[in-house]
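Comments concern the structure below.
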Amino acid sequence: MVLKIFFPQCCNKADSGLLVGRWIPGQNSAVVLAVIHYPFIPGQVKQYIHQMRGQSGVDLTVLGSWSMPKEGQEGMESFLRDLSTIFPQGQWLQLSREMGKIGFGCHVLTRDQNGKLLQQEKELKEGGGGEKGEGKKGGKGGEGKKGGGEKGGTKKGGEKKGEEKKVEGEKGGGEKDKVIFIHYEQRKVMLSQLHPIENGVPDPQTESQLPQVFGTVCQSEPLFFLDKYDDSPVKLTHWQSEGREGSIIVELMKQASTPVCLLTTWILTLWTSLCSSRILNVRPMRFISSKLSTCVQLSYRTEHLQTVCSPTRATAHNHFMRKANISVSFFVDVCLGLLLVWWMYRENRIGKLANTLVPAADHVAKELEELLQWLMGAPAGLKMNRALDQVLGRFFLYHIHLWISYIHLMSPFVEMILWYVGLSACLGLTFALSLLSDITALLTFHIYCFYVYGARLYCMTVYGLSSLWRLFRGKKWNVLRQRVDSCSYDLDQLFIGTLLFTILLFLLPTTALYYLVFTLLRLVVVMFQGVVHLSVDFINSFPLFAMGLRLFRSYRLAEGVKFRVLCEEPGTPLHLMMDINPLKVSSVVQTYRTPTYSCYPKDSWLALCKKLFLGELIYPWRHKTTKID
Amino acid sequence: MQNGDQHYSMEDETYTDIDGKAISLECQSHSGFCREFTVSSAKVSIGRVMAYTCAVWLSAYIIFFVTENTAVLSSAIIITLVGMMVHIHFVKVDHETLLIIGSLGVQVSSSYASGRESTDFIEMGKIKDIVINEAIHMQTVIYYLCILLKDPSDPEAVSSVVPLFQSSKPRLNCLVKVYKSCQEILAKC
């Protein structure tokens, strides 16, 4: 297999030293995380790596050596070779780069079972046409000299041996093994999260390569705390060496978050205990509060805030994103709500709205009265049954009269109620929309009542007709067997049954017409409420934080990677640049949607039409009572 | 020639797609185990653009002549512009690339006329094989190159098929060339 070396871009210009990273088992690849510079004490390096291994949980080792000789540092190469004796490894990489050249050179030394260095070195060429053993590229000059100031005391003897071995190895000719250098941007890979997210701990043997690479870099955060500018025995170069990053605002928010979270949690526990107290849990109150969408929204937001303000830090990516999405959604919601309140109360628009509410209700009632008068006459040229028509018409007219009186009774208080209730829109735009939905429901309550009356009447007519039609044909519905059976009726049963059937049949158009009209009105109201609920649901569940991340820091949500071949010089191995392929926008929304009590159509279109035809009461929008994930 | 890569862009045979339009194939060999194939379709033809624009604007002008409503004209302009932008950004594929890197994986990328690139990388561990499949499309049999993916639970079964060069739809001669090259690399690693 080809040897793949994942090399961070920040170490391209690092000084010579040791490579620290991890071998990925089974894939013949190595991930380089940092470079430890000279001077160092090997014992301290080993101790440091052992400490880092414990802290991060990543299997860190010394992978090999890196040499980028600057002026006055020729002759490091032989020294570097002998470092392999100090750090026992199965494979020892020697990467080198010359100033002014772009490509890297790489030598791989393998150890046999006895732990001795194999005589044979594997030199690496570029692939393609040239199969000839090309000369030693990449900085092998200056053998026999040491660079200045190393503390490797034991290396003197080893160096000489190394030289001889090297010479023999070169004469023996190298195998043409292949290497790919994959450059990656360390900071971006560290911060990014590969999708689809695996839950649980995957088996390291069967896991594919890329998640392992990402996981290695991500978990090696403790390694990146010290760098070469710190006063420590071990000097490292990694992404932090390009300049430490930090944001004062983020740090301040982190410090302030704990007391704020504690305070909010305390307030929320007070509120939930109040809500679950005995007084408010009486049966009628519970029924009303389950019907009013404002109360539902309130309880929903309380739950959300409880999730967000829990003092424990979110470690898993999913939890973190959920918390962040909820807090950003809530914040935006409250801002929009405050904006709405400011706009509404500015020129006393709320007062004007309240003043138009009662006349609007009056207007609706007048329109309904006219409609009923029209139905009582000859609507659309149809001829109605006079008596039934008059009865139904008068019945509904009386209801409207009652309703109007009720509205007029309430009219002095409407403005005040609306003014105070409108203030609750400060809690968020979703509350304002839920309020709108509730007010519509309350104001169109008479339409709902009419619909129920009409539907029940029509339903009874249809059932009666179907049953009598069965009697007409000499059949009966067997309740026990749930099927239609034949039955022999007496003559008087048949006579009365046929009479009733005829009566109902001729009364059917009248009842059907009333049913049709009121159902259409009811459907209009239901559609309006449905639209409002859908928009509330949308505001609740849309993952704003994830969307923002996708737009402005697209590397944080990764769907995969992209490779680009870098222009290299002849004689060097293949160099690829690994970029992060960001997640598609639709996948972002799908993965990070906050689960809600979503409003969804309960029945399919066919079932809905069937219910309408039979006269069963329809409630097209149903709230899910339990949240689904 | 660039930097030790081997580049074959001048072909003696001209390739066409299944509809008969001319396409071009470019093979680039970056290393012994890394190759890149680019299939380019024909660019947006100025004649067709002009034809569509004239048709839309002529009909808009006729409607304006009948209804005397200037909104028709402005909406025609907006429709033309939006339609063109949507077409070059989402519909018209300029070239499709296949980059195969031995023992690492295969990268498939489509580049649209507006410059947008959509890339997908499949790791070598998931790839079972690269084959040429036949499909019956209306009254013809067409060939397409595809990648067979392994099923994680059953190593012998094929879980899904990823078709390549969907927009350029090259013919069998072009596909055979790409197929042979890919199989060389898959055999090595």
Side-chain angles (χ1 to χ4, degrees), chain A residues 1-6 24 26-29 101-103 124-131 134 176-182 194 198 202-203 205-213 558-582 584-585, chain B residues 1-8 26-38 89-90 96-111 116-128 147 149-155 159-160 162 181 184-189:
Chain A
M1 242 207 256
V2 180
L3 175 66
K4 299 166 276 261
I5 303 176
F6 289 85
I24 298 184
Q27 305 276 354
N28 200 22
S29 23
K101 282 200 177 180
I102 304 174
L124 292 114
K125 328 249 176 284
E126 81 286 25
E131 303 293 349
E134 295 201 328
K176 285 146 189 103
D177 209 7
K178 300 165 206 143
V179 164
I180 308 179
F181 281 99
I182 302 173
L194 206 57
E198 306 277 335
D203 182 13
Q205 293 303 317
T206 57
E207 204 188 350
S208 53
Q209 195 173 48
L210 283 174
Q212 291 210 33
V213 171
E559 192 182 26
V561 292
K562 310 192 258 219
F563 289 95
R564 208 172 14 114
V565 179
L566 296 173
C567 287
E568 72 264 3
E569 300 148 347
T572 52
L574 182 66
H575 288 262
L576 296 172
M577 177 74 204
M578 182 171 92
D579 290 316
I580 294 184
N581 201 10
K584 287 197 251 290
V585 172
Chain B
M1 295 280 258
Q2 309 174 6
N3 290 348
D5 294 346
Q6 287 170 2
H7 225 233
Y8 313 90
E26 183 181 308
C27 309
Q28 207 173 350
S29 174
H30 297 288
S31 123
F33 48 87
C34 174
R35 297 207 184 134
E36 190 172 353
F37 307 96
T38 309
H89 196 73
F90 291 108
E96 289 172 298
T97 313
L98 177 73
L99 173 70
I100 176 162
I101 308 166
S103 95
L104 194 61
V106 175
Q107 174 169 293
V108 180
S109 118
S110 310
S111 167
R116 173 173 87 101
E117 286 213 19
S118 103
T119 322
D120 197 19
F121 179 75
I122 307 168
E123 290 186 60
M124 204 48 109
K126 294 201 184 112
I127 296 181
K128 189 160 193 290
I147 303 178
L149 299 182
K150 281 187 200 159
D151 196 4
S153 50
D154 182 8
S159 77
S160 54
V162 177
S181 257
E184 275 172 27
I185 295 188
L186 286 180
K188 273 191 223 175
C189 313

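Residue numbers begin at 1 in each chain, while the letters A, B, ... track the order of the sequences. Predicted, not measured: the structure shown is a model, and the values here were computed from it.
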- Contact check, side chains of Pro211(A) and Glu123(B), non-hydrogen atoms, under 4.5 Å: yes
- Message: If you compare all heavy atoms of Val2(A) against all heavy atoms of Ser103(B), which two are closest, and at what distance to 0.1 Å?
- Response: CB-OG, 3.4 Å
- Query: What is the distance from atom NE2 of His30(B) to atom NE2 of His575(A), rounded to the nearest 0.5 Å?
  - Reply: 13.5 Å
- Item | Reported CG-to-CZ distance for the pair Leu99(B) and Arg564(A), which is rounded to 0.5 angstrom | 12.0 Å
- If one checks every heavy atom of Lys4(A) against chain B at 4.5 Å, the contacting part turns out to be side chain
- Task: Taking the side chain as every heavy atom from C-beta outward, state whether Leu104(B) and Leu576(A) have any atom pair closer than 4.5 Å.
- Result: yes
- Message: I need the Phe33(B) CZ to Ile180(A) CD1 distance, nearest 0.5 Å.
- Response: 4.5 Å
- Query: Should the heavy atoms of other residues, nucleotides or ligands under 6.0 Å from NZ of Lys188(B) be counted, would the total exceed 12?
  - Reply: yes
- List in chain and number order the residues that pass side chain to side chain contact (heavy atoms under 4.5 Å, CB included) with Ser159(B), two or more places apart in sequence or in another chain; answer none if no residue qualifies. Leu149(B), Asp151(B)
- Report yes if some heavy atom in the side chain of Phe121(B) is under 4.5 Å from a heavy atom in the side chain of Asn581(A); otherwise report no. no
- Note on the structure: One should read off an interatomic distance between Phe563(A) CZ and Ile101(B) CD1, to the nearest 0.5 angstrom, of 5.5 Å
